[in-house]
2 protein chains.
Amino acid sequence: MAALAGVSTGTVSKALNGRGSLHPDTRRRVQQAAEQLGFVANAAARSLHTGRTYTVGMITTDTIGRFSIPLLIGAEDALGAGRMSVFLCDARDDVIREQYYLRTLLSRNVDGIIVTGRRTQARAPIGAGLPVPVVYAFISSTDPDDCSVVPDEADGARRAVQHLLAAGRRRIAHITGPEHHHSATVRARAATETLAAEGLSLAAPVLYGEWSEAWGRQAADMLLSTATGVDAVFCGSDQIARGVAEALRDAGRDIPRDVALVGFDNWDVMVDASRPPLTSIDMDLEGIGRSAAELLLAAINGDPVHGPQMRPCRLIPRASTAMG
Amino acid sequence: MAALAGVSTGTVSKALNGRGSLHPDTRRRVQQAAEQLGFVANAAARSLHTGRTYTVGMITTDTIGRFSIPLLIGAEDALGAGRMSVFLCDARDDVIREQYYLRTLLSRNVDGIIVTGRRTQARAPIGAGLPVPVVYAFISSTDPDDCSVVPDEADGARRAVQHLLAAGRRRIAHITGPEHHHSATVRARAATETLAAEGLSLAAPVLYGEWSEAWGRQAADMLLSTATGVDAVFCGSDQIARGVAEALRDAGRDIPRDVALVGFDNWDVMVDASRPPLTSIDMDLEGIGRSAAELLLAAINGDPVHGPQMRPCRLIPRASTAMG
DNA sequence: AAACTGAAGGAAATCGATTGCCTGCACGCT
DNA sequence: AGCGTGCAGGCAATCGATTTCCTTCAGTTT
């Protein structure tokens with residue numbers, strides 16, 4: 001490489017990185033030679049000298065990828081501009097695996113780490129006194145000093161309920177996931193409080209169950225047989241909402257005329273295939289991934305941000321709550 | 001580090017890597033010191049010397065992750081044992097992005113590259129004369145010399161049809177995705193040929209459409225109004241199958257008594273939530289990922305395998321074809 | 001013409017771990 | 001006592017790029 005351009009390796013480095021003072025002709029000659037040979041600097045050698053690897057690790061516990069893929073895409077967007085690459089590690093809900101990956105990432109001298117998961121519930125910090133900055137995305141850390149980027153699920157639930165209220169609904173039910181699941185309780189509480197602020201309350205006690213369509217169908221049947229006059233259901237997930245939609249359909253209720261329906265997650269597979277398509281709350285996972293990556297970059301550059309960062313949700317209206 | 005154990009850096013290296021001849025006590029002392037300091041060797045420095053990075057790149061065009069996540073998990077399984085890490089790059093169906101990622105991976109001196117995508121159709125090789133081995137997973141390369149690990153979709157279709165035949169069905173229809181989609185035509189042809197081998201033919205011409213539930217519903221309605229006596233439908237995807245299930249249900253047909261149903265992909269979200277749960281063909285994506293990684297490792301170690309490797313499918317029976 | 005200035009680019013140290021080579025020392029043999 | 005044998009561990013070269021320092025030389029100034 002250096003030989004082809006007839007200069008020393010030091011000069012090559014200066015030419016390609018725009019350092020030092022070189023004759024424009026020399027610079028051009030080196031660049032041409034590099035082009036011709038398809039020369040790309042060895043990242044290992046470079047990082048050895050600079051102390052940076054332009055690499056970040058992403059540790060996820062979400063095997064399915066439904067949440068972590070959008071987060072990854074968002075993060076890649078923000079990092080790609082800084083020419084950084086991402087090591088994706090799937091810890092599969094296993095603490096041993098997680099610690100193994102953590103050590104691996106540290107031995108690779110990543111510049112920073114993003115930790116994500118399937119649930120929004122706060123988790124124990126991945127490690128203490130780590131030599132690199134860590135940002136939690138989607139999930140948060142129990143250490144209030146750690147930087148976390150999380151969706152404001154209460155905000156999402158509020159938007160859902162207010163949307164239903166704006167559509168003139170007053171007898172609203174809530175069907176959601178397991179009571180021990182953080183997201184379920186946060187969303188349920190926010191829904192209850194939003195109604196309370198209007199002097200209303202839920203048309204039935206919150207129905208806690210599973211994050212499945214089967215539970216949505218079952219819960220809807222229970223609602224139909226016990227609660228009267230329910231004119232809207234806010235569901236803790238799109239899967240539950242779709243199950244509810246099917247049960248209501250089977251029972252001959254029209255959506256949205258008789259009962260309006262709002263889901264949560266805005267998962268395309270569910271909202272589009274449901275009959276009718278579902279109005280849903282979008283947590284903007286890509287945006288969360290992007291924010292997390294930006295905060296990580298800031299921390300790497302010496303401007304760390306501490307504490308949890310809440311990001312608002314969006315309501316995506318579809319036929320299941322169509323007004324008119 | 002070296003100071004704490006009172007030895008030279010060379011000795012530390014030998015102690016931790018089990019090389020050279022050292023006194024057992026010294027070795028132990030060094031290991032303890034390393035433990036105490038949480039010392040892990042700098043991967044960049046090591047790779048500079050050995051020429052290997054113990055890193056592979058995975059370039060995918062499957063933004064959604066439904067196919068690439070299982071592939072990644074399988075690959076991680078096979079690579080993790082060799083202590084290798086994976087750079088995941090999402091090219092998002094963009095050639096420019098793909099080439100950019102390719103260069104990035106090369107500059108990071110990955111030991112090898114796995115290329116995956118959303119469709120099984122053969123694609124142009126990602127690059128010619130690359131300095132590292134490349135294995136295609138799920139998709140294949142148009143260069144017959146490239147190593148590809150792909151699902152044997154024809155085998156899957158055959159199993160589906162034979163399963164229906166074994167259940168005593170004789171008037172079998174096939175609803176699938178777009179005709180220009182490789183998977184759709186391969187599966188349709190294999191289904192037709194399997195029937196032909198038994199002296200039978202499809203109960204209706206292949207219905208090509210989209211990979212969506214909506215198309216499944218629509219096609220099922222068409223079948224109901226035009227074809228008579230259809231007692232089974234083999235669908236090109238689980239989404240289509242679920243749409244068919246809903247339409248049949250709406251029309252009062254019992255599954256599997258009146259019509260048996262087989263899907264393709266064995267996508268848990270669809271097969272479990274469908275009423276009844278769907279019998280489906282599993283392409284064993286994790287296995288494909290694992291195989292691809294193993295073949296890549298072999299190539300890295302100097303034993304390259306050329307040409308496409310077909311992997312058989314599995315039929316997962318569920319209620320939609322329950323016999324009896 | 002001598003001295004000065006500054007641009008251009010080469011020489012060599014550096015990053016951290018690995019490894020071949022070599023030395024020093026203890027022990028055993030004659 | 002003298003010499004050989006072999007283990008333990010230090011020294012220094014090496015990987016490839018970056019960067020500091022320094023040399024060289026052309027052009028300018030007095």
Side-chain angles (χ1 to χ4, degrees), chain A residues 1-55 83-85 103-111 131-132 300, chain B residues 1-55 83-85 103-111 131-132 300:
Chain A
M1 166 65 208
L4 178 64
V7 294
S8 73
T9 65
T11 305
V12 170
S13 172
K14 288 171 195 160
L16 296 179
N17 295 300
R19 305 286 164 82
S21 79
L22 298 182
H23 195 93
D25 286 349
T26 309
R27 205 176 286 270
R28 216 170 304 127
R29 209 170 63 248
V30 172
Q31 283 166 345
Q32 276 177 5
E35 191 82 28
Q36 188 183 328
L37 272 65
F39 175 90
V40 255
N42 181 322
R46 168 178 291 161
S47 92
L48 192 53
H49 193 268
T50 62
R52 283 197 49 183
T53 55
Y54 292 90
T55 286
R83 327 220 112 216
M84 304 187 73
S85 302
R103 296 178 70 111
T104 305
L105 290 176
L106 292 180
S107 85
R108 291 188 183 280
N109 284 55
V110 292
D111 294 336
V132 296
I300 290 171
Chain B
M1 166 63 208
L4 177 63
V7 295
S8 74
T9 65
T11 305
V12 169
S13 172
K14 287 170 193 161
L16 297 178
N17 295 299
R19 305 289 164 81
S21 78
L22 298 182
H23 193 93
D25 287 350
T26 310
R27 205 175 285 271
R28 214 170 305 127
R29 207 169 66 246
V30 172
Q31 282 166 346
Q32 275 178 7
E35 191 81 28
Q36 188 182 329
L37 272 66
F39 175 89
V40 255
N42 181 323
R46 168 178 291 160
S47 92
L48 192 53
H49 193 267
T50 63
R52 286 199 46 186
T53 54
Y54 291 91
T55 287
R83 329 216 113 220
M84 305 189 71
S85 303
R103 297 178 69 110
T104 305
L105 290 176
L106 292 180
S107 85
R108 291 186 184 281
N109 283 52
V110 292
D111 294 334
V132 296
I300 291 171

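As a basis for the values below, the full set of heavy atoms in this structure was taken, side chains included, without hydrogen atoms, waters or symmetry mates. All of these numbers come straight from a predicted model, not from anything done at the bench. Every chain is numbered from 1 and lettered A, B, ... according to where its sequence line falls, protein lines coming before strand lines.
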Rounded to whole Å, the CZ-C1' distance (Arg46(A) to dA17(D)) equals 8 Å
I want to check one thing: is the phosphate of dG9(C), taken as OP1 and OP2, less than 4.0 Å away from some side-chain N or O of Thr11(A)?
no
Which part of the nucleic acid, if any, lies within reach of His49(A) when heavy atoms closer than 4.0 Å are counted: base, sugar-phosphate only, or nothing?
base
Figure out the CG/C1' separation between Leu16(A) and dA17(D), and round it to whole Å.
11 Å
Whole Å only: how far is the CG atom of Asn42(A) from the P atom of dA17(C)?
16 Å
So, is Ser13(B) near the phosphate of dA17(C), with a side-chain N or O under 4.0 Å from OP1 or OP2?
no
Nearest 0.5 Å please: distance from the CG atom of Leu105(B) over to the CG atom of Asp111(B).
11.5 Å
Between dC25(D) atom P and His23(A) atom NE2, what is the distance in whole Å?
17 Å
Atom-pair distance (CZ on Arg52(B); P on dC15(D)), nearest Å
19 Å
Comparing Arg27(B) and Leu48(B) on DNA chain D - which has the more 5′ nearest nucleotide:
Arg27(B)
So, is Asn17(B) near the phosphate of dT18(C), with a side-chain N or O under 4.0 Å from OP1 or OP2?
yes
Which is more 5' along DNA chain C, the nucleotide nearest Ala44(B) or the one nearest Arg19(B)? Just name the residue.
Ala44(B)
Give the rounded distance in Å between these two atoms: CG of Leu22(A) and P of dC25(D).
18 Å
Any chance you could measure Leu48(A), atom CG, to Asn42(B), atom CG, to the nearest 0.5 Å?
6.0 Å
Is it the case that more than 12 heavy atoms not belonging to Arg103(B) sit under 6.0 Å from its CZ atom?
no
When you measure from the side-chain N and O atoms of Thr26(B) to the phosphate of dG9(D), is any distance below 4.0 Å, counting only OP1 and OP2?
yes
Calculate, to the nearest 0.5 Å, the distance between atoms CZ and CZ belonging to Arg46(B) and Arg52(B) respectively.
12.0 Å
Which of the following nucleotides, dC21(C), dC21(D), dC15(C), is nearest to the side chain of Lys14(A)?
dC21(D)
Using OP1 and OP2 only, check whether a side-chain N or O of Ser8(B) sits under 4.0 Å from dG10(D).
yes
Among dT18(C), dG16(D), dG16(C), the nucleotide that comes nearest once only the side chain of Ala45(A) is considered
dG16(D)
Distance-only side-chain donor-acceptor flag, Arg108(A) / Thr55(B), under 3.5 Å:
yes
